[in-house]
S.K.: 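Have a look at the structure that comes next, please.
Given the structure is predicted, the values throughout are model-derived calculations rather than measurements.
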Amino acid sequence: MRGKLVTERPSNPLTHLPWIRWIDQTEIPSVAVGIIACLIFLPFYDFNAMAPRLPFQGSVFPLAFALALMFLLQLTRGASNDLRLLIQAGKIDTSYLESIGASKKMAWIELFIGCAIGLQRIRSQIKFDLNETISLSEIITPASIAMFLAILFYTIIQIHLVAFCLRQVMVFRRVAKNFQVDLMTTELNNALSNPLIRFLIVSLVATSCGMLIYQIAPFPSLQRRIFQAGTFAGLFLAAMIVVSVVPLFILRARIAVAKQIEITQIRQALQGDFSGVSQSHFGAKLKEFTPADLMYYEDRVKNIWEWPIEAHVRRLVIFGLLPPLTWVLAAAVEVVFESVLIG
């Protein structure tokens, strides 16, 4: 039932993923989780060479795993907070929050698919490195096992992330259609644009990390693989960004209609006609407004952004600077490497 208040904490999108849920329950910030995941694999890297390798040429997988885990926590926690805000405000019911998470059956299906693809990736990695004259004895080492686990964990997290993104798009589209537009508390309207903003931030961070890794990758073959993987990831993120705009179009149209209705009631009230005040957000209280109050209220309603992204403009400008800054950093690292090698 819409408007139903929450008496207990609803489930979150990771409730049925016990292999990840415990990480979420620690409430450690997602960035800190990503850093910790990277540090776990740090001892397996060889820093005695100019081109350090975590055995073979798969040293990028621990970082990819850390980023995927960080992004999954960031997106799921953000979506949960958005929906809980709307639930507590009485705009939607808890069914939306329950729908955004995987069911028990779907969680195991995602795990099975992730394991199957991950094992295939491990097999391909072994074949790739053996072709690069890596001996078979190097496969059974702690560093090799760490890399295999990084590939497997990364693939599982990747499948969970893709599945969650698809569910999030569908749920927020439903919310945009059924959401009770509120012209008084516009931050509730902005909550529906948060998934799009998070997708943009994730894509900018991923692009920045990809540019940096590509620039310092020691082997041309590794650069090609990074470029291919980055292309597929970029296409998926671009698709998610595009479909995340759909709820905003829906909500923009509804906000425009709500504004027009409110302005109509204000102008009728200025003329002394209060027959339709029930359609106003203030209802019968509109009769108590003075003409000056009504004119001020009309100006306020007119100034409300129909696109619910007003609260995010500054963040977009700041994160938009990441790619060029990363390019400068990558170029500086490349210059340092070349200087050391020449020297």
Side-chain angles (χ1 to χ4, degrees), residues 13-14 16-24 30 33-42 44-45 53-76 101-130 134 139-168 199 202-203 205-207 209-210 213-214 217 221-240:
L14 302 180
H16 297 306
L17 306 179
W19 42 93
I20 304 174
R21 182 183 62 193
W22 68 271
I23 299 177
D24 184 40
S30 57
V33 171
I35 294 174
I36 293 172
C38 284
L39 294 177
I40 290 174
F41 291 94
L42 199 60
F44 298 106
Y45 284 86
R53 297 196 301 179
L54 174 72
F56 318 132
Q57 297 180 15
S59 55
V60 71
F61 283 106
L63 178 59
F65 160 67
L67 286 175
L69 181 59
M70 182 179 71
F71 292 156
L72 179 63
L73 291 176
Q74 183 71 25
L75 293 177
T76 54
S103 63
K104 291 182 179 179
K105 180 179 179 181
M106 184 56 64
W108 284 103
I109 291 175
E110 292 173 12
L111 177 63
F112 175 78
I113 295 174
C115 288
I117 298 176
L119 292 174
Q120 176 59 34
R121 280 180 171 174
I122 292 173
R123 179 174 175 272
S124 300
Q125 183 69 36
I126 293 175
K127 290 178 64 178
F128 175 80
D129 288 302
L130 288 178
I134 300 296
I139 296 178
I140 311 302
T141 63
S144 301
I145 294 173
M147 189 201 66
F148 294 153
L149 291 176
I151 294 175
L152 187 62
F153 292 158
Y154 162 65
T155 308
I156 293 172
I157 296 296
Q158 190 179 39
I159 296 300
H160 287 320
L161 184 59
V162 170
F164 168 78
C165 289
L166 295 175
R167 286 193 299 269
Q168 178 180 245
F199 277 135
V202 164
S203 63
V205 173
T207 300
C209 291
I213 294 172
Y214 182 84
S221 58
L222 183 56
Q223 287 182 329
R224 288 195 299 269
R225 298 179 73 194
I226 293 172
F227 179 77
Q228 292 171 357
T231 301
F232 285 114
L235 291 175
F236 173 76
L237 284 172
M240 288 297 99

S.K.: Nearest 0.5 Å, what's the CG-CE distance between L152 and M147?
M.R.: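 Answer rounded to 0.5 Å: 11.5 Å.
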
S.K.: Start with the C-alpha distance between Y154 and L69, add both sets of side-chain angles, then the distance that settles side chain to side chain contact (heavy atoms under 4.5 Å, CB included), and finish with yes or no.
M.R.: CA-CA 8 Å; Y154 162 65; L69 181 59; over 6 Å; no

S.K.: With a 6.0 Å cut-off (strictly less than), is the heavy-atom count around CZ of F153, excluding the residue itself, greater than 12?
M.R.: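 No, because the 6.0 Å sphere around CZ of F153 holds 12 heavy atoms or fewer from other groups.
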
S.K.: Looking at R167 and G101, what are the two nearest heavy atoms and their distance?
M.R.: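 Taking R167 first and G101 second, the nearest heavy atoms are NE-C, 3.6 Å.
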
S.K.: List the steps and the verdict of side chain to side chain contact (heavy atoms under 4.5 Å, CB included) for I109 and K105.
M.R.: CA-CA 6 Å; I109 291 175; K105 180 179 179 181; 4.1 Å; yes

S.K.: Would you please test V202 and M240 for side chain to side chain contact (heavy atoms under 4.5 Å, CB included) and show each step?
M.R.: CA-CA 11 Å; V202 164; M240 288 297 99; over 6 Å; no

S.K.: First locate atom CD1 of I36, then atom CG of L42, and finally report the distance between them rounded to the nearest 0.5 Å.
M.R.: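 If we round to the nearest 0.5 Å, I36:CD1 and L42:CG are 13.5 Å apart.
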
S.K.: How many angstroms lie between atom CD1 of I145 and atom CD1 of I122, to the nearest 0.5 angstrom?
M.R.: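 Rounded to the nearest 0.5 Å, the CD1-CD1 separation comes to 11.0 Å.
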
S.K.: Can you tell me how far CD1 of I117 sits from CZ of F112, rounded to the nearest 0.5 angstrom?
M.R.: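 Rounded to the nearest 0.5 Å, the CZ-CD1 separation comes to 10.0 Å.
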
S.K.: Walk me through it: do M70 and V33 pass the test side chain to side chain contact (heavy atoms under 4.5 Å, CB included)?
M.R.: CA-CA 6 Å; M70 182 179 71; V33 171; 6.0 Å; no

S.K.: Could you pull out the closest heavy-atom pair between C38 and L63, with the gap in Å?
M.R.: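 Of all heavy-atom pairs spanning C38 and L63, the closest is SG-CD1, 3.9 Å.
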
S.K.: Run the side-chain hydrogen bond (donor to acceptor under 3.5 Å, both in side chains) test against W19 and tell me which residues pass, sequence neighbours left out.
M.R.: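 side-chain hydrogen bond (donor to acceptor under 3.5 Å, both in side chains) list for W19, sorted by chain: H160.
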
S.K.: Can you give me the closest heavy-atom contact between R121 and I151, atom names plus distance?
M.R.: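 The pair with the smallest heavy-atom distance is CB-CG2, 3.7 Å.
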
S.K.: Tell me the closest heavy-atom pair linking A102 and H16, and the distance in Å.
M.R.: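 What the structure gives for the nearest pair is O-CD2, 2.9 Å.
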
S.K.: Any heavy-atom pair between the side chains of L14 and I23 that's under 4.5 Å?
M.R.: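 No - every pair of side-chain heavy atoms lies 4.5 Å or more apart.
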
S.K.: What is the distance from atom CG of L161 to atom CD1 of I20, rounded to the nearest 0.5 Å?
M.R.: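 Atom-to-atom, L161:CG and I20:CD1 are 9.5 Å apart.
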
S.K.: For residues I156 and C115, report the shortest heavy-atom separation together with the two atoms involved.
M.R.: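 That would be CD1-SG, 3.8 Å.
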
S.K.: Hey, what do you get for CZ (F236) to SG (C165), rounding to the nearest 0.5 Å?
M.R.: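 So the gap between those two atoms works out to 4.5 Å.
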
S.K.: Please report the closest heavy-atom contact between A150 and F65, naming both atoms and the distance.
M.R.: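 So the two residues come closest at O-CB, 4.0 Å.
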
